[in-house]
Amino acid sequence: MIDPPLKRIRPEIRSADGYHLTRYDCPVKLNQNESPFDIPDDLKNEILADVRRRPWFRYPQPMEMDLVEALADFAGWRPDGLIVCNGSNTLVQLVLAVSTRPGAPVVIPSPSFSLYGLYTGFFGGRVVPVDLTEEYTFDLPGIREAVRRESANMVIFGSPNNPTGCVVSNADLKVLLEQTDALVLVDEAYAEFSDETARDLIGEYPNLIVLKTFSKALGAAGIRIGYLMAHPEIAREVLKAKVPFDINVFSHSAALHILQHDGLIRERVRTIRDERERVFAALREIDGVRPWPSHANFILFEVDNPARVFNGLIERGILIRNVTSYALLENALRVSIGRAEENTRFLNALEETLRDSCVQPE
């Protein structure tokens, strides 16, 4: 009798929960940490005109080299140490693919972006979690001890961390990088909203890898572009695992044009940071809400009855993220920073929901 084909799928894949989001139709969408600002119409028209001029029957290899050089100028790093890819999540996969042997220990702060642990398991690695502190900050002594104890193959930080918004400082990173030869991957998807970036350390530490994305501060989640910066020797090995021509002509063109508007990017980042501080201050004034400081474009906050609050907001047309399934966050919700009017609607709806929760029986 022939065995079922599913038997050929690795057990660790079959037992894993994939990444997914439940779809809700709400007029105010503050659940995925996207920029609230779309690409301006005149810039979209520039991009579309450029795409029309491009040969669609050719692979986009020359455009990829143009984008690498443009990103090198934009980010201040050398082209031979830079890889552009179809989303920064794919780059996490590539780094793990070229470095992770079966059973290799990978130290990951907990809680953090769920895909870090999921991908580590897919490539046969062993996740070594290190809990955040009671203040939801990185436990650097605990991370260094885990790296030493486990002879770690890699450490993965999200900085700012999703979903808590904490950052790892360059001073702490330098101590870690000097004490280990493990690869240290810092995913800086939200770094433009903070005052910390590890980019300036790459030239000094060959075991440091930094990831960036167009999806957050650059307001272009729809084009799916991410890039990696590392020592050229490391970048060369990661590049071997990259699918050739994985970025389409449209995404190449869009990225090249967006990079020419860094003034617009900085202006929008300032607006989002100002709104983040306004929302944080307002949340602190609401009884029954405990917000945590954030260096990203979202805020983590704790409430009693988070499921009721989450559902109450949906009833009022506001979609945020329920993160109660994450380790240590059984009472936590996360809200992305939107436009000023969206943030005000969220705050008003939250107060209404909490008032209703107080009078409704369990």
Side-chain angles (χ1 to χ4, degrees), residues 21 23-44 136 160-167 188-197 213-223 254 258 261-303 306 309-323 332-357:
L21 283 176
R23 179 174 175 175
Y24 299 90
D25 291 323
C26 291
V28 177
K29 184 177 183 296
L30 302 174
N31 68 321
Q32 286 190 279
N33 303 338
E34 299 148 318
S35 172
F37 303 111
D38 199 0
I39 301 300
D41 283 345
D42 57 348
L43 179 50
K44 285 184 177 180
Y136 295 149
N161 184 49
N162 178 15
T164 62
C166 62
V167 293
E188 291 195 345
Y190 305 97
E192 290 85 355
F193 304 107
S194 76
D195 296 320
E196 288 283 352
T197 176
T213 181
F214 277 61
S215 296
K216 309 303 179 182
L218 276 65
I223 71 172
I258 289 168
H261 293 78
D262 57 333
L264 175 65
I265 295 166
R266 288 195 298 271
E267 176 186 343
R268 289 178 165 185
V269 166
R270 283 194 298 270
T271 298
I272 292 169
R273 289 180 64 156
D274 289 346
E275 276 297 294
R276 180 189 67 200
E277 298 311 309
R278 179 177 78 88
V279 172
F280 180 77
L283 287 172
R284 293 183 66 181
E285 297 301 316
I286 301 175
D287 289 340
V289 177
R290 184 180 187 184
W292 291 92
S294 174
H295 298 268
N297 67 334
F298 56 81
I299 295 173
L300 184 81
F301 64 98
E302 292 179 297
V303 292
V309 171
F310 176 77
N311 291 324
L313 289 170
I314 288 177
E315 292 170 2
R316 291 166 173 82
I318 312 292
L319 178 60
I320 64 171
R321 186 69 179 270
N322 186 337
V323 293
L333 301 169
R334 189 196 71 197
V335 60
S336 308
I337 300 302
R339 293 175 178 267
E341 61 272 19
E342 294 174 322
N343 300 328
T344 298
R345 285 185 63 181
F346 156 70
L347 291 166
N348 292 338
L350 178 61
E351 290 192 275
E352 290 176 7
T353 300
L354 290 169
R355 283 198 299 269
D356 287 353
S357 297

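This one's a predicted model, so the numbers in the text were calculated from it and none came from an experiment.
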Subject >> Full working for side chain to side chain contact (heavy atoms under 4.5 Å, CB included) between E302 and Y136 >> reply: CA-CA 12 Å; E302 292 179 297; Y136 295 149; 3.0 Å; yes
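- Atom CZ in R345 sits 9.5 Å away from atom CG in N348 (nearest 0.5 Å).
- Taking 4.5 Å as the limit, some side-chain heavy atom of L283 sits within range of a side-chain heavy atom of L350.
- Looking at residues two or more places apart in sequence or on another chain, you find a ring-ring contact (aromatic ring centres under 6.0 Å, His included) between Y190 and F298.
- Pairing each heavy atom of I258 with each of I265, the nearest pair is O-CD1, 4.0 Å.
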**OP:** Dump the intermediate steps for side chain to side chain contact (heavy atoms under 4.5 Å, CB included) on L218 and S35, then the final yes or no.
**Re:** CA-CA 8 Å; L218 276 65; S35 172; over 6 Å; no
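- The list of ring-ring contact (aromatic ring centres under 6.0 Å, His included) pairs with a residue in residues 265-286, not counting sequence neighbours, is empty.
- You'll find the side chain of I337 stays beyond 4.5 Å of the side chain of F193, heavy atoms only.
- Between A254 and I223, the closest heavy-atom pair is CB-CG2, 3.9 Å.
- No side-chain heavy atom of H261 sits under 4.5 Å from any side-chain heavy atom of P40.
- Taken to the nearest 0.5 Å, the CZ atom of F37 stands 9.5 Å off from the CG atom of L264.
- I318 approaches A349 most closely through the heavy-atom pair CG1-CB, 3.8 Å.
- Between R316 and D356, the closest side-chain pair of non-hydrogen atoms falls below 4.5 Å.
- The two residues I272 and P36 make their nearest non-hydrogen contact at CD1-CD, 3.7 Å.
- Side-chain contact between L319 and F310 is present, with heavy atoms from C-beta onward closer than 4.5 Å.
- Judged as a salt bridge (charged side-chain N to carboxylate O under 4.0 Å, His left out), and not counting sequence neighbours, the contacts of E275 are R278.
- Put simply, OG1 on T353 and CG on N311 are 10.0 Å apart, with the number rounded to the nearest 0.5 Å.
- More than 12 heavy atoms of other shown residues, nucleotides or ligands fall within 6.0 angstrom of atom CG in D42.
- Taking 4.5 Å as the limit, every side-chain heavy atom of F301 sits out of range of all side-chain heavy atoms of I286.
- To the nearest 0.5 Å, atom CZ of residue R321 and atom OG of residue S336 are 9.0 Å apart.
- In this structure, the separation between CG on D274 and CZ on R270 is 8.5 Å, given to the nearest 0.5 Å.
- Within the 4.5 Å cutoff, the side chain of L333 has heavy atoms near those of the V303 side chain.
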Subject >> Working for side chain to side chain contact (heavy atoms under 4.5 Å, CB included), residues D38 and K44 >> reply: CA-CA 10 Å; D38 199 0; K44 285 184 177 180; 2.7 Å; yes
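- For V323 against A332, the heavy-atom pair with the smallest separation is CG2-O, 3.4 Å.
- Q32 CD to E34 CD: the interatomic distance, rounded to the nearest 0.5 Å, is 4.5 Å.
- A donor-acceptor pair under 3.5 Å links the side-chain atoms of N297 to the main chain of N33, judged by distance alone.
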Subject >> Full working for side chain to side chain contact (heavy atoms under 4.5 Å, CB included) between R273 and R276 >> reply: CA-CA 5 Å; R273 289 180 64 156; R276 180 189 67 200; 3.9 Å; yes
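- In plain terms, the two heavy atoms of V167 and S194 that are nearest each other are CG1-CB, 4.2 Å.
- Using modelled atom types, one side-chain atom of R334 and one backbone atom of N31 make a donor-acceptor pair closer than 3.5 Å.
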